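Throughout, numbering of the chain's residues begins at 1 and tracks the sequence. This structure is a prediction, so every number in the text was calculated from the model and none was measured.
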Amino acid sequence: RGSARPRGGGRRTKKKTQESPIHVILKATTTRSIWRAIPVRNIIQQIVGNVIEKVLETLEKDGLQSIGSSIERLQRIVNPAILEIVAATIEQMDRALAEASVQRRKDGITVKERNVPRELLTELGTLRYRRTYFESRDSRFYLTDQLIGVEPYERVSRELCAKLVQ
């Protein structure tokens, strides 16, 4: 009968890897904490409430004359609202990262500049948001852009580029 114990006396040692400053900040500011933040919840509720009102007004006024034109009219109402929701969420995430000052200071990361505007063309239109420019000993970066997968100097989203190529 073979032993079920691994070689080396059964003790497993975990390699201790040093976490990057970005990972430390991320642990301190989880996605869950962003959604618990009252401002972003209120903003989303307000945007959705406005969308419902506009959709109802449009349907009451114009009805469903033709399905194609009705969908276009409703998209003109809904798409900007989606962009507003995404921007509000990104900005709330950015605020949470900027406010994680204890973790940042431990790793030598400071805020270089706040509220730096960013525009990204998406399938729904132009996404506009503001984010924080961070600085460490050896680099400068927009942490929020890194987290949401926006590359430096990217002006058109990868998804839109792929759709245009098709």
(message) Quick check for you: to the nearest 0.5 Å, what is the distance between D94 atom CG and E91 atom CD?
(response) 8.0 Å
(request) For residues R104 and F134, determine if any side-chain heavy atom of one lies less than 4.5 Å from a side-chain heavy atom of the other. (result) yes
(request) Answer whether the closest heavy-atom distance between the side chains of E154 and L120 falls below 4.5 Å. (result) yes
List, one per line, each side-chain donor-acceptor pair under 3.5 Å for residues 73-80, sequence neighbours excluded.
residue : atom : partner : partner atom : Å
R73     : NE   : D62     : OD2          : 3.2
R73     : NH2  : G63     : O            : 3.1
R73     : NH2  : S70     : OG           : 3.4

(message) If you define the side chain from C-beta out and look only at heavy atoms, does anything of R114 sit under 4.5 Å from R95?
(response) no
(message) Nearest 0.5 Å, please: how far is OG1 in T89 from CD in E84?
(response) 11.0 Å
(request) Taking all heavy atoms of A88 and all of I43, pick out the closest pair and write down the distance. (result) CB-CG2, 3.7 Å
(request) Any chance you could measure I148, atom CD1, to M93, atom CE, to the nearest 0.5 Å? (result) 5.5 Å
(request) Determine the minimum heavy-atom distance between Q146 and F141, stating which atoms define it. (result) NE2-CB, 3.4 Å
(message) If you apply the rule side chain to side chain contact (heavy atoms under 4.5 Å, CB included), what do you find for I90 with L127, and how did you get there?
(response) CA-CA 10 Å; I90 291 169; L127 174 63; 4.0 Å; yes
(message) Could you list the cluster mates of V156? Members are the ILVMFWY residues connected by side-chain heavy atoms closer than 4.5 Å, either directly or through other members.
(response) L121, L160, L164
(request) Considering only Ile, Leu, Val, Met, Phe, Trp and Tyr, and joining two whenever side-chain heavy atoms are under 4.5 Å apart, list the other residues clustered with I71. (result) I67
(message) Side-chain heavy atoms nearer than 4.5 Å, only ILVMFWY residues, links allowed to pass through others: does that put L97 and V150 together?
(response) yes
(request) Sorted by first residue and then second, give each salt bridge (Lys or Arg N to Asp or Glu O under 4.0 Å) pair with at least one member in residues 122-137; sequence neighbours left out. (result) E119-R128, E123-K163, R131-D145, E135-R140
(request) Please round to the nearest 0.5 Å and tell me the distance separating atom CG of L83 and atom OG1 of T126. (result) 8.0 Å
Run the side-chain donor-acceptor check on residues 46-55: report pairs under 3.5 Å with partners two or more places apart or on a different chain.
residue : atom : partner : partner atom : Å
N50     : ND2  : Q46     : O            : 3.4

(message) Nearest 0.5 Å, please: how far is OH in Y133 from NZ in K112?
(response) 8.0 Å
(request) List in chain and number order the residues that pass salt bridge (Lys or Arg N to Asp or Glu O under 4.0 Å) with E72, two or more places apart in sequence or in another chain; answer none if no residue qualifies. (result) none
(message) Membership question, hydrophobic clusters at under 4.5 Å side-chain separation (ILVMFWY): are V86 and Y142 in the same one?
(response) no
